[in-house]
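Just follow the structure's listing: the first ligand is 1, and inside any ligand the first atom is 1.
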Amino acid sequence: MADSAQAQELVYLVTGGCGFLGEHVVRMLLQQEPRLRELRIFDLHLGPWLEELKTGPVQVTAIQGDVTQAHEVAAAVAGAHVVIHTAGLVDVFGRASPETIHAVNVQGTKNVIEACVQTGTQFLVYTSSMEVVGPNIKGHPFYRGNEDTPYEAAHRHPYPRSKALAEQLVLEANGRKVRGGQPLVTCALRPTGIYGEGHQIMRDLYHQGLRLGGRLFRAIPASVEHGRVYVGNVAWMHVLVARELQERAALMGGQVYFCYDKSPYKSYEDFNMEFLGPCGLRLVGTRPLLPYWLLMILAVLNALLQWLLRPLLLYAPLLNPYTLAMANTTFTVSTDKAQRHFGYEPLFSWEESRTRTVRWMQTMDSSAQ
Ligand SMILES: NC(=O)C1=CN([C@@H]2O[C@H](COP(=O)(O)OP(=O)(O)OC[C@H]3O[C@@H](n4cnc5c(N)ncnc54)[C@H](O)[C@@H]3O)[C@@H](O)[C@H]2O)C=CC1
Ligand SMILES: C[C@H](CCCC(C)(C)O)[C@H]1CC[C@H]2[C@@H]3[C@H](O)CC4=CC(=O)CC[C@]4(C)[C@H]3CC[C@]12C
């Protein structure tokens with residue numbers, strides 16, 4: 001909890017503070033930001049766990065609201081020193097319409113920027129995504145790339161398109177004068193695929209494995225590498241950026257940083273097995289059981305079924321042409337930009353990140369029985 005020796009003067013707002021990443025950011029701020037006076041948590045859906053935070057030394061204010069509603073955002077932002085904007089619609093499965101994804105991710109971000117300008121909030125940290133860069137649907141590998149690596153980013157899918165547009169808005173807003181005359185200082189963080197306690201896809205894969213008799217079947221070649229990042233380290237980087245942005249505005253303002261740590265590069269499926277394995281699941285096959293062309297046909301069939309069934313029900317399986325292309329394309333990041341600019345080092349080692357994630361999965365396992 002906050003160190004009472006330092007003056008508690010700052011007001012932070014975390015949008016999407018009840019999501020997978022948002023909850024970790026909120027808890028990390030309470031542990032690592034001794035200057036916090038008030039922490040505002042803004043989300044469409046507030047979690048019951050917020051109640052336990054309200055008894056600590058920092059004032060925790062839960063605000064149920066919608067980022068697409070400019071007046072709700074402005075009311076939440078007014079008086080905040082720093083905004084960490086993690087709220088977003090993460091959907092690569094066709095659950096939401098492209099219009100809704102755009103409204104939440106792009107218009108929502110516009111509303112956050114305008115609220116900062118109108119109310120005089122000077123520091124804005126935006127949770128972007130690696131998807132702003134790639135993988136692209138042509139399957140070009142991004143191998144150990146950094147923030148300056150050239151890559152053909154062609155966004156056809158609504159989610160990466162919306163994240164790219166929103167990131168651009170945030171970066172362009174750097175330097176705008178906010179109420180009172182100070183310049184707005186903005187920065188965007190691009191996590192790769194996040195894992196850790198609360199990860200919904202990991203939960204779904206675990207249940208899928210249980211239904212299949214403790215097995216999952218390899219679909220993607222083990223040679224296709226993904227860089228993943230532990231949620232605690234992503235949260236830590238947000239907290240550090242928010243703090244250092246206030247000290248190093250000239251260097252960090254308008255910059256993007258990949259969110260990285262020392263998690264090993266592995267295929268999507270092999271990486272997941274680091275957690276699913278200790279929970280008793282097995283990945284069958286050293287090579288994909290089905291050829292890629294057959295998987296693509298199944299993915300296209302899923303997309304067709306989704307479209308046909310839409311008037312009746314929501315059919316949104318993990319496999320569709322876009323997720324198959326993602327899973328089947330190497331995307332690994334290797335950079336030290338955050339280390340150079342603001343001294344970032346992962347707070348959790350790979351071993352600790354794995355242990356924490358496995359422990360969370362095992363708790364879920366015993367509570368399901
Ligand atoms: N999960 C991942 O692997 C990655 C996520 N990201 C980004 O990180 C951010 C957080 O993602 P997750 O925690 O994974 O997603 P999540 O879905 O768990 O959290 C998003 C939160 O935003 C809230 N939200 C959604 N629409 C809203 C609205 N209209 N108004 C207010 N709140 C709203 C949701 O209720 C939820 O609590 C997103 O911006 C996402 O694009 C970036 C890279 C990887
Ligand atoms: C669900 C995909 C794996 C499907 C395996 C298959 C085809 C055998 O069924 C996931 C593969 C890659 C994931 C994405 C990636 O980690 C990057 C992301 C960044 C974000 O900003 C949001 C999440 C995601 C799009 C992530 C989503 C799941 C995958 C597509």
Side-chain angles (χ1 to χ4, degrees), residues 14-26 41-47 63-69 72-73 76 84-93 95-96 100-101 103-105 107-109 111-112 125-135 157 159-160 162-164 166-167 170 188-196 198-202 204-205 208 216-221 224 226-231 234-235 238 258-259 267-269 271-272 283 288-290 292 295-296 298-299 302 316-333:
V14 180
T15 71
C18 292
F20 166 45
L21 171 62
E23 177 175 347
H24 285 267
V25 171
V26 161
I41 297 156
F42 181 95
D43 205 299
L44 207 48
H45 308 288
L46 297 177
I63 307 167
Q64 201 256 319
D66 184 340
V67 287
T68 67
Q69 303 303 310
E72 294 182 12
V73 179
I84 301 183
H85 177 40
T86 77
L89 197 45
V90 184
D91 182 19
V92 290
F93 306 110
R95 293 186 186 125
T100 309
I101 294 175
V104 176
N105 294 353
Q107 187 57 46
T109 302
N111 292 343
V112 170
V125 180
Y126 173 61
T127 316
S128 181
S129 167
M130 72 178 225
E131 293 250 332
V132 162
V133 181
H157 193 279
Y159 174 74
S162 70
K163 294 300 286 185
E167 182 189 274
V170 168
L189 299 185
R190 293 174 175 167
T192 55
I194 307 174
Y195 70 93
H199 187 209
Q200 185 59 44
I201 298 179
M202 198 77 80
D204 294 346
L205 287 172
Q208 190 180 53
L216 286 167
F217 298 94
R218 188 184 292 277
I220 304 295
V224 176
H226 277 229
R228 305 278 292 274
V229 61
Y230 176 60
V231 67
V234 181
H238 280 72
F258 276 120
C259 263
S267 76
Y268 191 76
E269 292 167 321
F271 190 82
N272 290 343
L283 183 63
L289 293 189
L290 299 177
Y292 183 75
L295 269 178
M296 189 44 99
L298 292 175
N302 272 345
L318 280 190
L319 178 66
N320 65 45
Y322 183 73
T323 58
L324 181 59
M326 300 253 84
N328 208 47
T329 306
T330 287
F331 199 98
T332 55
V333 165

Contact residues of ligand 1 with a heavy-atom cut-off of under 4.0 Å? G16, C18, G19, F20, L21, D43, L44, H45, G65, D66, V67, T86, A87, G88, V90, V104, T127, S128, S129, Y159, K163, P191, T192, G193, I194
In terms of its nearest heavy atom to atom 28 (C) of ligand 2, the top option of T127, I194, T323, I201 is I201
Of P288, S267, G88, A219, the one whose closest heavy atom lies nearest atom 8 (C) of ligand 2 is A219
For L44, side chain to side chain contact (heavy atoms under 4.5 Å, CB included) partners two or more places apart: D66
Minimum non-hydrogen distance to atom 7 (C) of ligand 2, winning option of L319, T192, L205, N320: L319
Tell me, which protein residue and heavy-atom name are nearest atom 17 (C) of ligand 2, and how many Å apart are they? E131 OE2, 3.4 Å
Between ligand 2 and Y159, is the shortest N or O to N or O distance under 3.5 Å? yes
Pairing residues for E23 by the side chain to side chain contact (heavy atoms under 4.5 Å, CB included) criterion, not counting sequence neighbours: R27, W49
Among residues at least two apart in sequence or on other chains, which ones pass salt bridge (charged side-chain N to carboxylate O under 4.0 Å, His left out) with E131? none
Determine the sole option in K163, E167, R190 for which the side chain to side chain donor-acceptor pair (under 3.5 Å) test with Y126 is passed. K163
protein heavy-atom neighbour closest to atom 5 (C) of ligand 2 works out as A327 CB, 4.1 Å
Using the ring of each side chain (for Trp, its six-membered ring), is H24 parallel, tilted or perpendicular to Y230, with breaks at 30° and 60°? perpendicular
Report the part of L295 (side chain from C-beta onward, or backbone N, CA, C, O) that has a heavy atom under 4.0 Å from ligand 2; answer both or neither where that applies. neither
Taking 4.0 angstrom as the limit and counting only heavy atoms of G193, give me the atoms of ligand 2 inside it, by number and element. 16 (O)
Short list, please: which atoms of ligand 2 are under 4.0 Å from a heavy atom of M130? 17 (C)
Taking atom 10 (C) of ligand 2 as the reference point, the nearest protein heavy atom with its distance: Y268 CZ, 3.5 Å
Atoms in ligand 2 with a heavy atom of V92 nearer than 4.0 Å: 25 (C), 27 (C)
Interfacing atoms of ligand 2 (cut-off 4.0 Å, heavy-atom, S129): 19 (C), 20 (C), 21 (O)
